[in-house]
Structure formats: structure tokens, C-alpha cells
2 protein chains.
Amino acid sequence: MGEEKIELLKGTLDMLILKAIEPLPMHGYAIAQRIGQVSRDFFQLQQGTLYPALHRLEDRGLLKAEWRITETGREAKFYSLTRKGRRYLEAEIRGWERMTEAVALILRPSE
Amino acid sequence: MGEEKIELLKGTLDMLILKAIEPLPMHGYAIAQRIGQVSRDFFQLQQGTLYPALHRLEDRGLLKAEWRITETGREAKFYSLTRKGRRYLEAEIRGWERMTEAVALILRPSE
DNA sequence: TTCGATACCTGGAATATCTACCTATAAGGC
DNA sequence: GCCTTATAGGTAGATATTCCAGGTATCGAA
């Protein structure tokens, strides 16, 4: 039993990854860093969480990967959104907003 | 693959159940109805989701159950929060709020 | 007497996430 | 030269959650 397990992501991981690379393609390691920074260290993606997620998203045709050279001269796999991925991200964000509104109705009833 | 599966709960189920019975004890069937109504039918708990969750929460000492008679004269198992459950619920709500704030930072950066 | 609503439940599948591990290269300190 | 840290990729297995599909039983209404 995961007594003290801290469940942070709660199904938001795909959306966060897709959103992170929306402005410009990034490699996995940088995605984890960026999500950590922007969320003020709330989200700290482990590699065992991140990479399988990237592969899932690629298998579903939401991302595409391309080997390139980073600005520090190393090889890395850069991920970018496909058109399908962009549509999916928009739908995910709408779904997330509707979900959090529904949760808010439960948490703060009778406003 | 759950192509069109509507993923609604995303780890919020325990919190929603605990919150639903916070004001007054309820039986399982009524909990599902209440969560459905208050969320304007966004959440529609299946029984195969609800009852195992209730049992989990009871096993963890967050709820306690008691057979009583409903106002329609039927037997039903009424669940109420334990003191531990009440503390847990408060912590869950704080965690949920911090999480949604962190997600908001990702979704709407640099405001 | 048959049906829908109420009320309880279980079993099995699918999925996501976490922990723990692995490989390899580059940079910098000693 | 050697060691550590950061960078970059990955897999395997355990666990937990949720869903789907079924099951039991009672009650009231048509």
C-alpha cells in the first residue's frame, strides 16, 4: 500500500508534456527541466515517468521525434507536436478546465 | 486502446467521496447520485468504481460504515468520515489546489 | 408479473505512475 | 589521469486506479 506515496500528476502528464513543447520542439531532458521550472518545482518528472510517456504519445501520433544536435553539441531526440497532437492538446485543456470546474462544484457547493 | 474513453476522475475520486459525505453520512448509492447532481452530471460514478473505492477508504480508516434504514425504509450502509478521514480530506484539498495551481502555471505561463 | 429504480457487490482488463535500475558522453575539479 | 556531476537516452516490475461487465436482492408502479 503506497502509504505516503505522493500522487502528483493525476492524469495531467500528457497535457503538460504537449503544452511544454507547443511553442518550440524540445528534447526529453529539457522537457522535464522546463516543467519543473515553470511549475516552481511542484512537478519533478522522473525519467521513468517521462520517457514512457513520450513513447506513448509518439505511438499515438501526437508527437514526432527527430535526432538533432543540442546547442551544447550533444545528440538528443527533439519532439514536436503533430497536427493531431495540437488538436489533442486543445481538447485536453478544455477537458481539464471542465473537470476542475466540476471538482470545484463539489468542493465549494452552494455558492 | 480507450480511443474515445472519457477519463473523468483522474485521481480525484477519494477526495470527492470524502467531501460528499462531509456534511452528513450517506450510503453509497446516494453518494453517486449526489456527486452526479452537484457536478451537473459531469461525474457519473459507476458502481464498479464507487464500491471498491468506499471499501478502500474504509480499510484505510478514513471512513466508517454503519447499516441503517433509509427514509424509504430500506437497509443501506451509511458512511461517515472518521477524524482521520477529515484530516485526510483537508490535506487532499490543499494538495489538489496546489496541483491545479501548478498546472495553471504550465498552461498559462508568463502572465 | 414484469419492469425500473434502489441498494449492495465482485472479477478482470487496461492504464498510468512510480521506483529502481541501466547505458553513454561531456565538462570540470582534483 | 581520475572522479564526480550533469546531460541525454532508456527499460522492468510493482502498484494503484478506474472502467466494464456481470451478479444479487427488494420495492413500487404499471
Side-chain angles (χ1 to χ4, degrees), chain A residues 1-18 21 25-37 42-60 62-63 65-79 92 99, chain B residues 1-18 25-37 42-60 62-63 65-79 92 95 99:
Chain A
M1 208 173 319
E3 282 293 3
E4 295 300 334
K5 179 112 113 312
I6 309 168
E7 267 289 332
L8 295 183
L9 291 166
K10 293 186 165 138
T12 63
L13 178 58
D14 291 357
M15 181 175 70
L16 296 181
I17 289 173
L18 295 174
I21 64 165
M26 302 176 77
H27 56 80
Y29 195 86
I31 293 171
Q33 286 193 316
R34 174 162 174 79
I35 288 178
Q37 284 165 9
F42 186 86
F43 295 117
Q44 296 179 339
L45 291 202
Q46 303 307 308
Q47 299 180 324
T49 302
L50 174 65
Y51 290 112
L54 287 170
H55 300 159
R56 278 200 308 272
L57 292 168
E58 191 181 4
D59 289 344
R60 293 169 64 192
L62 304 174
L63 298 180
E66 189 190 357
W67 286 97
R68 290 197 222 155
I69 307 295
T70 68
E71 67 270 8
T72 60
R74 303 181 61 149
E75 290 207 326
K77 224 168 167 182
F78 281 73
Y79 289 94
E92 280 279 283
M99 203 263 286
Chain B
M1 209 171 315
E3 282 294 1
E4 295 300 335
K5 180 114 113 314
I6 310 168
E7 269 288 333
L8 296 184
L9 290 168
K10 293 183 166 144
T12 64
L13 179 59
D14 291 358
M15 182 175 69
L16 297 181
I17 289 174
L18 295 174
M26 301 177 77
H27 56 80
Y29 195 85
I31 292 171
Q33 286 193 316
R34 174 161 175 80
I35 288 177
Q37 284 166 9
F42 186 87
F43 295 117
Q44 296 179 340
L45 291 202
Q46 303 307 310
Q47 298 182 325
T49 302
L50 175 65
Y51 290 112
L54 288 171
H55 300 159
R56 276 200 309 272
L57 293 168
E58 192 181 3
D59 289 344
R60 293 170 64 192
L62 304 174
L63 297 179
E66 189 189 358
W67 286 97
R68 289 196 221 155
I69 307 295
T70 68
E71 67 270 6
T72 60
R74 303 181 62 151
E75 288 207 328
K77 221 168 168 181
F78 281 73
Y79 289 93
E92 281 279 282
M99 201 264 286

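To find a chain, count down the sequence lines: A is the first, B the second, and so on, and within it residues start at 1.
Distance B:Y51 OH to C:dG12 P: 21 Å, rounded to the nearest Å. The CG atom of B:L54 sits 12 Å away from the P atom of D:dT18 (whole-angstrom rounding). Put simply, CD on A:E75 is 15 Å from C1' on C:dT23, counting in whole angstrom units. As rounded to whole Å, 12 Å separates atom P of D:dG9 from atom CD1 of A:I69. C:dT15 atom C1' lies 13 Å from atom CG of A:L13, rounded to whole Å. Atom CD in B:E71 sits roughly 8 Å away from atom P in C:dA7 (whole-Å rounding). Here C:dG11 presents its P atom at 17 Å from CG of B:L50, a figure rounded to the nearest Å. Atom pair A:K77:NZ and C:dT23:C1' shows a separation of 15 Å (rounding to whole Å applied).
Look at B:R56 and you won't find any side-chain N or O under 4.0 angstrom from OP1 or OP2 of D:dA16. Residue A:K10 has no polar side-chain atom (N or O) positioned under 4.0 Å from OP1 or OP2 of D:dT17. Contact annotation: B:H55 side-chain N/O to C:dT10 OP1/OP2 distance is under 4.0 Å.
For the side chain to side chain contact (heavy atoms under 4.5 Å, CB included) test, residues two or more places apart in sequence or in another chain that qualify with A:Q47 are A:Y29, A:Y51. Every side chain to side chain contact (heavy atoms under 4.5 Å, CB included) that A:E58 has, sequence neighbours left out, goes to A:A65, A:Y79. For B:F78, the ring pair (Phe, Tyr, Trp, His ring centres under 6.0 Å) partners at least two apart in sequence or on another chain are B:H27. Taking A:E75 as the reference, nothing meets the salt bridge (Lys or Arg N to Asp or Glu O under 4.0 Å) condition, with sequence neighbours excluded.
The side chain of B:Q46 lies closest to D:dC20 when the candidates are D:dT17, D:dC20, D:dG10. Listed nucleotides D:dG10, D:dT17, C:dC8 differ in distance to B:D14; the shortest reach to its side chain belongs to D:dT17. Side-chain atoms of A:T49 lie closest to C:dT19 of the nucleotides C:dC9, C:dT19, D:dT17. Side chain of A:H27, nearest nucleotide from D:dT11, D:dA8, C:dT10: D:dA8.
Annotation: proximity of residues 29-37 of chain B to DNA chain C (heavy atom, distance under 4.0 Å) is found for B:Y29, B:Q33, numbered in ascending order.
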(request) Would you please test A:L63 and A:L18 for side chain to side chain contact (heavy atoms under 4.5 Å, CB included) and show each step? (result) CA-CA 8 Å; A:L63 298 180; A:L18 295 174; 3.4 Å; yes

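Between the A:Q46 side chain and the A:Q44 main chain, a donor and an acceptor come within less than 3.5 Å of each other.
Counting heavy atoms from C-beta on, the side chains of A:P25 and A:E66 never come closer than 4.5 Å.
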Nucleotides 26-30 of chain D: which of its N/O atoms have a protein N/O under 3.5 Å away?
| from | atom 1 | to | atom 2 | distance (Å) |
| --- | --- | --- | --- | --- |
| D:dT26 | O2 | B:R74 | NH1 | 3.0 |
| D:dT26 | O2 | B:R74 | NH2 | 2.6 |

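Annotation: the span from B:M26 atom CE to B:I35 atom CD1 amounts to 8.5 Å, rounded to 0.5 Å.
A donor and an acceptor atom sit less than 3.5 Å apart, one in the side chain of B:Q47 and one in the base of C:dC8.
Where A:G48 and A:A76 meet DNA chain D, the nucleotide closest to each residue was compared, and A:A76 sits on the side nearer the 5' end.
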